Visitor: 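Dumping the structure here so I can ask a few things about it.
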There are 2 protein chains.
Amino acid sequence: MMSDDKEKKRFGIKDIAKLANVSIGTVDRVLNNRKDVSGATRKKVKDIIKEYNYQPNLYARSLSVKNNIKISVIIPKTSLQTGYWQLCLDGISKGIQELEPFGIQTEVFLYDQEDVHTFLEVSEKTIKSHFNAVVIAPIFIEETEAFVKKCHRKKLQTIYINSDIPTKSTLGYIGPDLNSTGRLAGNLTSYLVGTNAKILILNIAKGLENYKYLDTKIEGYRTYLNNLNKNFRIEVVDIPYNEYTEVEKELWTSIRKSTPDVLFVTNSRVSVVGRFFHDHQEIKKPYIIGFDFLEANVDYLSKGIVDFLICQRPDKQGYFALNYLYRFFLLKENVTNFKPMPIDIITIENYMFYEN
Amino acid sequence: MMSDDKEKKRFGIKDIAKLANVSIGTVDRVLNNRKDVSGATRKKVKDIIKEYNYQPNLYARSLSVKNNIKISVIIPKTSLQTGYWQLCLDGISKGIQELEPFGIQTEVFLYDQEDVHTFLEVSEKTIKSHFNAVVIAPIFIEETEAFVKKCHRKKLQTIYINSDIPTKSTLGYIGPDLNSTGRLAGNLTSYLVGTNAKILILNIAKGLENYKYLDTKIEGYRTYLNNLNKNFRIEVVDIPYNEYTEVEKELWTSIRKSTPDVLFVTNSRVSVVGRFFHDHQEIKKPYIIGFDFLEANVDYLSKGIVDFLICQRPDKQGYFALNYLYRFFLLKENVTNFKPMPIDIITIENYMFYEN
DNA sequence: TATTTTCTCGTTAACGTTACCGAACACTAT
DNA sequence: ATAGTGTTCGGTAACGTTAACGAGAAAATA
């Protein structure tokens, strides 16, 4: 009583029971909205819970409960050209590790973003097994939409990451707002050059027809710049290749032709443009803006060839998705609406502190 | 056996005990490096732990252990001029909330950053009570150094947030690298203006003599720009006031005199400069760069008056500090070295997605 | 009235870990 | 021989919560 350390006991289910003159079993029934409690006692218990602002001990809860939740994660596999999906997978792995002690089982399915059949295959597997939820990074729009509809019929929760598509998932979307992403690139561009500047937009990727979302970025970029009324001369060039030698040829002709002041690469392939100007130092380098914190991109950023990388924390997306499912299934929170992911600006002077 | 759901039981302390033919008590003694275990059984148990890659269930552990850890947090109190410390406090509160179910008790002490006596007072209180660790946001350098030395004599763990000072704390520093922060501002400046540009650096704060760390930012800024050899004309002006009317007068004279192309405000007071140009639209607005994601600053960012805000997530700093102590005391990890906090660039086009 | 059903609620094992208590044994000092 | 002192280990309560089990009373059915 006169001791220094105040025995700050947690206010728990037992204390509620004592105050309400009931057993902990009854309190538990009230807390979990189960039946077998009379209206009067239910109210009494609820009042005490509210009055003392009872907060359940989530660690105790997850210890007690035996989970049987299975989650499927469907994302593109990492290719040489895009380490992007590796980052995403890293975040997912971190999330899986944290969820494991709660008894949540997770299975990751990778598909080839250049081969729709691989996607159909893994989605079929997911449907056939007994999953409770599925995290999807959509590439093939129609096929994904058909898939989520099947999921909903089977009472399988769905959640998108990385890019959104028209058919809504049950748990929403975690990722950047693509239009704003484009606008931000436009915003940066407007600081770099003045009236009449020549701007070249580059779409670089094999199978460009599958990358509709790139158009959303471009639209944001163009509308932002056009609204400034600075008579920018904007051109779009598609380079539907992955191999450097093929891309180089295309770059050579289009850059020679238009001698742009700013180069805007609409996806994570900006490193090949970096390499181009690194190999051809005789050409005056324009300002270069691109996407994603990949090793190759950061390399050319650190060399001073790429000026800005716009990044969207792919690892956080994967991690958040799993964290969200954890909260949905175990904590029974229902956070239905997400804020879009932050859009980060990385330059030669802050890249070394990015991500932790 | 032929059922679909694979009963993926966790591999726990009991399983180790069974395999080693000992009791769980013995396994626990080995795991926690306590005595009363013979060399032979200790080795046997350790081998099994390694072989099966046993990972303890941290939630069960924290349920079982009765903690008696008390943490003191010493930060400046929020003033009207800087909502900055409120953000920091928000992160700390979030951390406290998460730590509470583990039985960690936290007490926050606020001091007046314009009155050294208030700092001495709260530091004295911390020394007198029985804390295990103290989180400090240093402002008064000498006094803080004397304080941490006292702490170390009393075996009290220390950790700095927000700015580092020469006398090392036992658990390191969580915050941005100030020199790099200045360099980043220089980097952005270099994209905005060309040769011979006029640049005005503004230090705005009452009691400027207490803000030595601002010089570190300025040094980073200057060296970056000077290395470009673009003959920038850089000037520094101190405005040792907090009240807008006083600051306005000073701004009026110095801006009239030098008509700068870029204004670099070295701390979070950039909103008063924003207000100045909002009130005096007759003056041509230079590019404006400032710090910190405060409501007032973001307001002028959204109006297009402030161009760049450089931010360092004060809330994350506070949160991280507590999270770190949790890991140090409860999980017994010893992460000794921190990566510096990320430095974020915020413009009119990405501020709405910042922080989550 | 006797039997069954329904509604409430208390009791208890379990989740994985920690830490205390004391048993069993070997050794030393009387 | 007895008493005392270590050393090594097993057993078990406890942490806060969940959920299965079953007891007792009231209500419905026969």
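Quick note: numbers below take in every heavy atom, side chains included, and nothing from hydrogens, waters or symmetry partners. Just so you know, these numbers come straight off a predicted model, no measurement behind them. A, B, ... follow the sequence lines: proteins, then strands. Residue 1 opens every chain.
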Visitor: Could you check whether A/Gly25 gets within reach of a base, just the sugar-phosphate, or nothing at all, counting any heavy atom under 4.0 Å?
Guide: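 Base, at least one base atom sits under 4.0 Å.
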Visitor: Which part of the nucleic acid, if any, lies within reach of B/Thr41 when heavy atoms closer than 4.0 Å are counted: base, sugar-phosphate only, or nothing?
Guide: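 Since only primed, P, OP1 and OP2 atoms lie under 4.0 Å of B/Thr41, the category is sugar-phosphate.
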Visitor: Starting at the 5' end of DNA chain D, which residue's closest nucleotide do you reach first, B/Arg42 or B/Val65?
Guide: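 Whichever sits nearer the 5' end wins; that is B/Arg42.
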Visitor: Please name all residues satisfying salt bridge (charged side-chain N to carboxylate O under 4.0 Å, His left out) with A/Lys149, sequence neighbours left out, ordered by chain then number.
Guide: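 Not a single residue meets the salt bridge (charged side-chain N to carboxylate O under 4.0 Å, His left out) criterion with A/Lys149.
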Visitor: Go nucleotide by nucleotide along DNA chain D from the 5' end; which of A/Gly12 and B/Ser23 gets its closest nucleotide reached first?
Guide: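 Per heavy-atom nearest nucleotide, the more 5' residue is B/Ser23.
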Visitor: To the nearest angstrom, how far is A/Asp36 atom CG from D/dG22 atom P?
Guide: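 These atoms are roughly 15 Å apart.
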Visitor: Check every strand shown and say whether A/Asn57 touches a base, only sugar-phosphate, or nothing at a heavy-atom separation below 4.0 Å.
Guide: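 It contacts sugar-phosphate atoms only.
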Visitor: My understanding is that only residues two or more places apart in sequence, or in another chain, count here; which of them pass side-chain hydrogen bond (donor to acceptor under 3.5 Å, both in side chains) with B/Glu124?
Guide: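 B/Glu124: no side-chain hydrogen bond (donor to acceptor under 3.5 Å, both in side chains) contacts found.
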Visitor: Spell out, as yes or no, whether a donor-acceptor pair under 3.5 Å connects the side chain of B/Lys154 to the backbone of B/Ile127.
Guide: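 It does hold such a pair.
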Visitor: Please report, rounded to the nearest Å, how far the P atom of D/dG16 is from the CG atom of A/Leu58.
Guide: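 Going from A/Leu58 (CG) to D/dG16 (P), I get 14 Å.
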Visitor: Near DNA chain C, under 4.0 Å by heavy atom, which residues of residues 47-56 of chain A?
Guide: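 Within this stretch, nothing sits under 4.0 Å of the strand.
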Visitor: State whether the number of non-hydrogen atoms from other residues, nucleotides or ligands found under 6.0 Å of A/Lys168 atom NZ is greater than 12.
Guide: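 Check passes, neighbour count above 12.
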